[in-house]
Amino acid sequence: MAKKKKTTNPYFNMSKSYAEVLNSQIKPDETLFYVRDNLLPVLNVKILVKERSREELSDIDLMIFKLIEQGISSVKSIVILTGLAEKLVTKHISEMAGRSFVEINEGKLLLTDLGEETLEHGVPVRIVQRAFRYCAVSEQLLPRDAYQLPFTELDSLRSKEFTGRIRSNHILEESQLVNLKGMDLSLIESKRDLGITDEALAFGDIVGYSSGYLQTRLFLVGRNQPERAIVAFGKTCLEYNLKEILTTITALKDPNIVRKLGEFNQEQEKKQKLLFGEGEIALDEFGLPIINITKANVEWLSKGVESGQQGILMCGTDHLAAKPIGLKAWGKFSSLSGLTIRYFLREKSLQDDAAKLRKYVEMCDAYMLKPRDEREYPTIAKYVEKTLPSKEIEQLRELAERYSIARISKTLPKQEVVVD
């Protein structure tokens, strides 16, 4: 029985880029504020490139090059000085002229610029046409992995095949005028990383280009707010200027985010989904949503809302930064996916609870980051017992039970059982 031919999605596995960024790009104290598949505006630039050839110059060619450089400008003179047959010299000069290494001006042989460079490098220098992918947002050449992604031209944007494939993407906007300053080979540190051959010497004239999009994944990361932008091309990641890329994200410029998020929460409530309680939705300076919780749902605060972390551990207060929670939406609200929400508690008693729990978790995390041989105590429970007053430990035990935080309960010293 013949094996069934596998069909593969031409777009790369985004989970690889996600894992790569999490594992190698994000610092320990950073978190994600925006993660979304995006269509990155790109120019497919066709350009003339001056390259060294991999072939060597023959001894005869090298001799003729040097004689012409020294001012020997006729075939007859070359024949006399070298002792070669005129027919052989004529053949070599014809080949050199055909490759634009020499020219005849007023009956005299002269080296062209290309011929002089060929003599300088000791190998033939040629001009070839290459195509490179150039980012219209960062105005730089893209890495080698970008060439593994399909390039979709603007004319194909409305095709059913294309719209079906990228319906979950955000489109990044490009500027009206794209500066090609990044097409300067002298500024490039690693040719190989950008898919440029080692033989390339210089870029020449641009002979054409087409505009289109690549599917990439964009990450906004930082400590308490977005501070860096990372674009992943499969496993290869590039850091982008945060301010520049923020202006291109249409999702963050949507004036209807607050309304859509309100409608989304209402729909979730109709489906009897567990919500945060009552509050007001606003946008921060980056266009990311925040919710000020005026009346919290304690059950939601006790729920694992992000990577198993309870809501109370993710919420901010007047003096505590909120941790972003990924927004998962679908259907008519799919444009909200990729955004994160930060929740802020406004009730004083809950602010105190959040502060005590966060302080404790951070204390324990800092201790566990120490190398094992540098820890003063054999267990985290013993460390807590020797570090915190018993009254504070009991308060934490009550809070851990109230908000169902097993990870905290397990780190606290066991209660002593008093037997009458």
Chi angles and distances behind the salt bridge (charged side-chain N to carboxylate O under 4.0 Å, His left out) call for Glu376, Lys370: CA-CA 10 Å; Glu376 298 91 336; Lys370 290 183 177 181; 3.4 Å; yes
Short N-O contact, Asp198 and Lys191, less than 4.0 angstrom: no
Stepwise ring pair (Phe, Tyr, Trp, His ring centres under 6.0 Å) test for Phe132 and Phe203: CA-CA 11 Å; Phe132 296 103; Phe203 288 150; 5.4 Å; yes
Residues Glu263, Arg259; criterion salt bridge (charged side-chain N to carboxylate O under 4.0 Å, His left out); working and verdict: CA-CA 6 Å; Glu263 292 175 357; Arg259 176 182 59 78; 3.1 Å; yes
Arg228/Glu30 salt bridge by N-O under 4.0 Å criterion: yes
Lys/Arg N to Asp/Glu carboxylate O, Glu394 vs Lys391, below 4.0 Å: no
Donor-acceptor contact below 3.5 Å, side chain Arg36 vs main chain Ser337: yes
Salt bridge present between Arg99 and Glu95 (N-O < 4.0 angstrom): no
Short N-O contact, Lys348 and Asp352, less than 4.0 angstrom: yes
Short side-chain to backbone donor-acceptor contact, Arg358 and Ala321, under 3.5 Å: yes
Sidechain N-carboxylate O distance under 4.0 Å for Lys50, Glu117: yes
Exam field: side chain Asn38 to backbone Leu40, donor-acceptor pair closer than 3.5 Å: no
Salt bridge Glu385-Lys382, side-chain N to carboxylate O under 4.0 Å: yes
Exam field: side chain Ser138 to backbone Tyr240, donor-acceptor pair closer than 3.5 Å: no
